[in-house]
Enquirer: 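Dumping the structure here so I can ask a few things about it.
Given the structure is predicted, the values throughout are model-derived calculations rather than measurements. Just so it is clear, the values below take in all heavy atoms, side chains as well, and ignore hydrogens, waters and symmetry mates.
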Amino acid sequence: MLVETVAFVLIGLLVGAFALAGLPDHFPAPRALTFGTAVVAALVSGVIAHYALGGALPAVVLAISATGSALLVSVLARPERAARRAGAHRHGAARHAGRRRPA
């Protein structure tokens with residue numbers, strides 16, 4: 001179980017790093033919160049999967065750990081804030097497509 005615990009922590013760190021590297025504008029919260037959420041989610045989901053499967057199928061347990069971590073980290077994402085920072089409004093193009101500027 002010790003080796004799996006280390007693997008769960010590494011999975012959490014990788015999920016947090018990929019989230020912050022891939023979509024940095026979507027995570028306005030501090031980096032420590034994103035990494036902490038990823039690690040704790042990987043540990044909890046991995047331990048639950050380990051006991052639910054009785055210690056068998058370690059590859060499945062690791063996959064469940066990564067999935068649980070990614071799902072909980074995605075809760076922290078704020079894409080609407082990223083769109084505002086980029087200068088584009090989320091519904092701007094569709095909402096103003098038929099309007100003309102006054103001459």
Side-chain angles (χ1 to χ4, degrees):
M1 184 68 188
L2 180 64
V3 173
E4 283 184 334
T5 304
V6 172
F8 298 151
V9 170
L10 290 175
I11 286 172
L13 290 173
L14 284 173
V15 167
F18 283 136
L20 289 173
L23 300 168
D25 292 338
H26 286 66
F27 294 95
R31 292 180 185 267
L33 179 65
T34 304
F35 277 114
T37 301
V39 170
V40 170
L43 281 168
V44 170
S45 60
V47 169
I48 290 171
H50 174 81
Y51 286 113
L53 295 174
L57 304 169
V60 174
V61 171
L62 293 175
I64 291 171
S65 174
T67 303
S69 180
L71 287 173
L72 282 178
V73 166
S74 72
V75 172
L76 297 175
R78 299 287 180 241
E80 66 276 358
R81 290 188 182 176
R84 273 189 245 145
R85 277 192 221 135
H89 191 271
R90 194 172 180 187
H91 303 287
R95 193 180 280 174
H96 302 293
R99 295 186 185 175
R100 290 187 182 193
R101 287 186 164 176

Enquirer: Give the cluster check for L23 versus L14: same hydrophobic cluster or not, with ILVMFWY residues linked at side-chain heavy-atom distances below 4.5 Å.
Expert: no
Enquirer: In chain order, what residues pass the side-chain contact (heavy atoms from CB on, under 4.5 Å) check against A49, with sequence neighbours excluded?
Expert: V61, I64
Enquirer: Could you see if V9 belongs to whatever hydrophobic cluster contains V73? Use Ile, Leu, Val, Met, Phe, Trp, Tyr and a side-chain cutoff under 4.5 Å.
Expert: yes
Enquirer: Locate the shortest heavy-atom distance separating S69 from A41; write the atom from each residue and the value.
Expert: CA-CB, 3.7 Å
Enquirer: With a cutoff of under 4.5 Å between side-chain heavy atoms, which Ile, Leu, Val, Met, Phe, Trp and Tyr residues group with L71?
Expert: none
Enquirer: Just verifying a value: how many Å separate L62 CG and T67 OG1, rounded to the nearest 0.5 Å?
Expert: 10.5 Å
Enquirer: Under 4.5 Å between side-chain heavy atoms, hopping through other hydrophobics if needed: is there a path connecting I48 to V60?
Expert: no
Enquirer: Taking atom CZ of F8 and atom OG of S45, what is their separation to the nearest 0.5 Å?
Expert: 7.5 Å
Enquirer: Got a list of side-chain donor-acceptor pairs under 3.5 Å for residues 27-40, not counting sequence neighbours?
Expert:
residue: T37; atom: OG1; partner: L33; partner atom: O; Å: 2.8

Enquirer: Should I11 and L53 be counted in the same cluster of Ile, Leu, Val, Met, Phe, Trp and Tyr side chains packed under 4.5 Å apart?
Expert: yes
Enquirer: Is a side-chain N or O of S65 found less than 3.5 angstrom from the main chain of A42, in a donor-acceptor match?
Expert: yes
Enquirer: Would a hydrophobic clustering, with Ile, Leu, Val, Met, Phe, Trp and Tyr connected at side-chain separations under 4.5 Å, put L13 with V44?
Expert: no
